[in-house]
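One structure is given here, and the rest of the page talks about it.
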Number of protein chains: 2
Amino acid sequence: MPATIRDVARESGVHISTVSRTFSAPHLVNPDTRTRVLACAEQLGYRPNRAARALITGRTFNVGLIVADIANPFFPPLIKAAESQARQRDYHIFVADSNEDAAVEEDLVRALAKQVDGILLCSPRMSNSLIELLSRDVPLVVVNRQITGLPTVVMDVAQGAGLAIDHLSGLGHRRIGLVAGPRGSWTSKEIRRSAALAARAGGAELTVFGPNPPTEHGGAAVAEQVLRSGVSAVLAYNDLMAIGLIEGLHAQGARVPADISVVGIDDIALSRLIHPKLTTVATPAAAAGRAAVDMLLAHGDDRRTTAHASLQTELVIRDSTGPGPDPHSHADPGNAAAAAPEAVASYAKE
Amino acid sequence: MPATIRDVARESGVHISTVSRTFSAPHLVNPDTRTRVLACAEQLGYRPNRAARALITGRTFNVGLIVADIANPFFPPLIKAAESQARQRDYHIFVADSNEDAAVEEDLVRALAKQVDGILLCSPRMSNSLIELLSRDVPLVVVNRQITGLPTVVMDVAQGAGLAIDHLSGLGHRRIGLVAGPRGSWTSKEIRRSAALAARAGGAELTVFGPNPPTEHGGAAVAEQVLRSGVSAVLAYNDLMAIGLIEGLHAQGARVPADISVVGIDDIALSRLIHPKLTTVATPAAAAGRAAVDMLLAHGDDRRTTAHASLQTELVIRDSTGPGPDPHSHADPGNAAAAAPEAVASYAKE
DNA sequence: AGTTCTGCTGCAAACGTTTGCAGTGAGGAG
DNA sequence: CTCCTCACTGCAAACGTTTGCAGCAGAACT
């Protein structure tokens, strides 16, 4: 029913190849012919069939975008930026949600592979080796994970976590908790690594809780354990967890930041809206989305270019952090000792 | 480079048509042959090329999903549900963001039309007539707008707005404000219509502010005007605006709900996390996403089925609403009179 | 004048599938 | 034994493009 290239050809009295060239290689056709063809096309409402084009050129002008959880407010700005950037280049974006599940993620990559020119893998939960394997089938750009040999875009969350810990130890906190993210997360490992370093440098002790689901609920669930452990400040894997944690702490009767300080990571819109306003590490999600699309598309034909982009993060100090406890009245050491094994146990788990 | 149907045929010693049937009409091929073909396909990593399939069948197994703003937390749950529902039926979803712009929206529909089997138009900003026009090119399901002659899924926000106003007038509020949404929004009109009705029934006066951009910022921007108008309670077009409004009111020194009550619409995750917890009308976004996909896909070949789904909403009373002002000490009537023209003016605008 | 070049256009093969039709052989009915 | 049916499989056309090649006219050289 819709007009095809043949209809336009017939109407404008030229061969279909000329019509084709009018669209895909305008400089090869006589200006007069071109305007005539364009007029007919316009009048017939002709739009090239992308499936047919894809069939022969092998390029679909689509890109896939796989995220762990669309409902996590960290992702929408990234998706939005990627979509807009892609659209500017006449690309469209398939968005898929892996539900934080590595197996689903793999399925999605495989399913999408045939109908896209490349895939943006955001905060993947798969193993590196699987990702490398899949990248042989379809161009991949990995966001929020460093993998040598593949193009990647990461937020320098290690730097950010370091700043956060420095901030806390600077406020006098000597026992700091880290609420880890989900199991497969590279970011979570990075944060832990960097936080541990910074804690040591600042003369503080770091206790790790997790892994946990990276949601508000995941944060709330660990609140009691955090409180029992006797830490006076906590860095959470992301804002959502930090917010959940604060809720949980309030529910347990603790005050933030008077009794315990909390720092998040991401700086989602939400973190300015809760009470207390969240101190957090701002990550440039939109910039990452744009960079990833650029990288995928620049990439072009020469597959083996493996660029790496590392985006700066920034500590945003708001109201959820305050001075550490008075050194003479701090928590019962027995309690503290009890907490240590937990930390070790969860450390070993991942 | 990737395996084609021909490779599988050669490997398993059958004709390509048999391979094709193995996948698209398994009952037509001998079980033995089928298993052999499947084995070869598996081994070669064969996946049918959807573009080629689309070319001949005319079905792409893709659907488009256009929203006004991905970053609006109302949409992600809807998108997530739609994506999941679609994936269950082996469909994939193109997500696009119109930036609240009707012209962009039209472009997106046109661009997507050729490569999807149908489009979900969520909270469109286009005119009804344009939507009807476009629906001749591509099957459309409209979400959050009632259009006769097209399949639609709406949240019964009129009912919800009525409940909200009843709640407020029940609390003794006699002068209620309505912070309207964006210009092209059907939902905003519905809310206004229903709120006006309910206000009259409850013996309250309704003052309309807007239209406004449906964002936190849009809500904050109108705070001062709301305060000056002397209303003691406000219903906002959505939670985001309600939250922005509360921020704005706080900034002006007003307390919520002591000085002024605020009700939102949507019940986004956020509304439970701010302080005070927001009283709001819960809309079933995920259910709407699923219903819309079902409708589009059930639709199938017989184009002219125009189902309508109307999803129940529900008032969730939290902490941002409280009793109305003491009748003897209410706002300066001169002030109130000054506010009325504003309302009328903005009413006429849309 | 002959030759080459240039700018444009047509021809036809190809991309990887699906699908109506025709062909095959085996088994059952008469 | 013959004929019909049935279950399966092969054949080839089609879907709407792109693109290498060839053709053709006229312009610009020699």
Side-chain angles (χ1 to χ4, degrees), chain A residues 1-38 40-41 44-62 90 110-117 137-138 301, chain B residues 1-38 40-41 44-62 90 111 113-117 137-138 301:
Chain A
M1 201 60 207
T4 82
I5 200 175
R6 238 170 288 269
D7 300 324
V8 179
R10 186 170 347 99
E11 194 72 13
S12 50
V14 297
H15 194 261
I16 59 163
S17 54
T18 302
V19 178
S20 170
R21 277 188 274 257
T22 303
F23 290 97
S24 49
H27 59 284
L28 288 182
V29 18
N30 185 308
D32 294 349
T33 325
R34 193 189 335 168
T35 54
R36 187 155 38 96
V37 169
L38 285 176
C40 291
L44 292 169
Y46 167 75
R47 317 273 298 198
N49 180 322
R50 292 176 91 125
R53 176 180 290 181
L55 192 52
I56 187 135
T57 62
R59 306 190 58 194
T60 60
F61 279 83
N62 293 330
D90 203 26
R110 294 221 140 92
L112 244 33
K114 273 294 188 345
Q115 50 185 340
V116 299
D117 295 340
D137 288 345
V138 53
D301 308 312
Chain B
M1 202 60 208
T4 82
I5 201 174
R6 239 171 287 270
D7 300 324
V8 179
R10 185 169 348 98
E11 194 72 13
S12 50
V14 297
H15 193 262
I16 59 164
S17 53
T18 302
V19 178
S20 170
R21 278 187 274 257
T22 303
F23 290 97
S24 50
H27 60 282
L28 288 182
V29 18
N30 186 307
D32 294 350
T33 323
R34 194 192 332 171
T35 54
R36 187 155 39 93
V37 170
L38 286 176
C40 291
L44 292 170
Y46 167 76
R47 316 273 300 199
N49 180 322
R50 292 175 91 124
R53 177 180 287 181
L55 192 52
I56 187 136
T57 61
R59 305 191 58 195
T60 60
F61 279 83
N62 294 329
D90 202 27
K114 272 296 187 346
Q115 49 185 341
V116 299
D117 295 340
D137 288 345
V138 55
D301 308 311

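Numbered from 1 within each chain, the chains take letters A, B, ... in sequence-line order.
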Under the salt bridge (charged side-chain N to carboxylate O under 4.0 Å, His left out) rule, collect the residues that match up with A:R47, sequence neighbours excluded. none
Who pairs with A:R110 by salt bridge (charged side-chain N to carboxylate O under 4.0 Å, His left out), at least two apart in sequence or on another chain? A:E106
Starting from the C-alpha separation in whole Å, work towards a yes-or-no answer on side-chain contact (heavy atoms from CB on, under 4.5 Å) for B:R50 and B:D90. CA-CA 11 Å; B:R50 292 175 91 124; B:D90 202 27; 3.9 Å; yes
With heavy-atom distances below 4.5 Å as the criterion, would you say the side chains of B:R21 and B:P26 are in contact? no
Does B:V8 reach the side chain of B:V37, with side-chain heavy atoms less than 4.5 Å apart? yes
Is the cationic atom of A:R59 (NZ for Lys, CZ for Arg) positioned less than 6.0 Å from the six-membered ring centroid of A:F61 and within 45 degrees of its normal? yes
Where do N or O atoms of nucleotides 5-15 of chain D meet protein N or O atoms at under 3.5 Å, pair by pair?
{"residue": "D:dT9", "atom": "OP1", "partner": "B:T33", "partner atom": "OG1", "Å": "2.4"}
{"residue": "D:dT9", "atom": "OP2", "partner": "B:N30", "partner atom": "N", "Å": "3.0"}
{"residue": "D:dG10", "atom": "OP2", "partner": "B:H15", "partner atom": "N", "Å": "2.8"}
{"residue": "D:dG10", "atom": "OP2", "partner": "B:T18", "partner atom": "OG1", "Å": "2.8"}
{"residue": "D:dG10", "atom": "N7", "partner": "B:S17", "partner atom": "OG", "Å": "3.4"}
{"residue": "D:dG10", "atom": "N7", "partner": "B:R21", "partner atom": "NH2", "Å": "2.9"}
{"residue": "D:dG10", "atom": "O6", "partner": "B:R21", "partner atom": "NH1", "Å": "3.4"}
{"residue": "D:dG10", "atom": "O6", "partner": "B:R21", "partner atom": "NH2", "Å": "3.0"}
{"residue": "D:dC11", "atom": "N4", "partner": "B:S17", "partner atom": "OG", "Å": "3.4"}

What is the distance, to the nearest angstrom, from the [atom1] atom on [X] to the [atom2] atom on [N]?
{"X": "A:R53", "N": "D:dT17", "atom1": "CZ", "atom2": "P", "result": "9 Å"}
{"X": "A:R59", "N": "D:dT18", "atom1": "CZ", "atom2": "P", "result": "13 Å"}
{"X": "A:Q115", "N": "C:dG16", "atom1": "CD", "atom2": "C1'", "result": "14 Å"}

Under 4.0 Å, counting only non-hydrogen atoms across every strand here, what does B:F23 touch: a base, just sugar-phosphate, or nothing? nothing
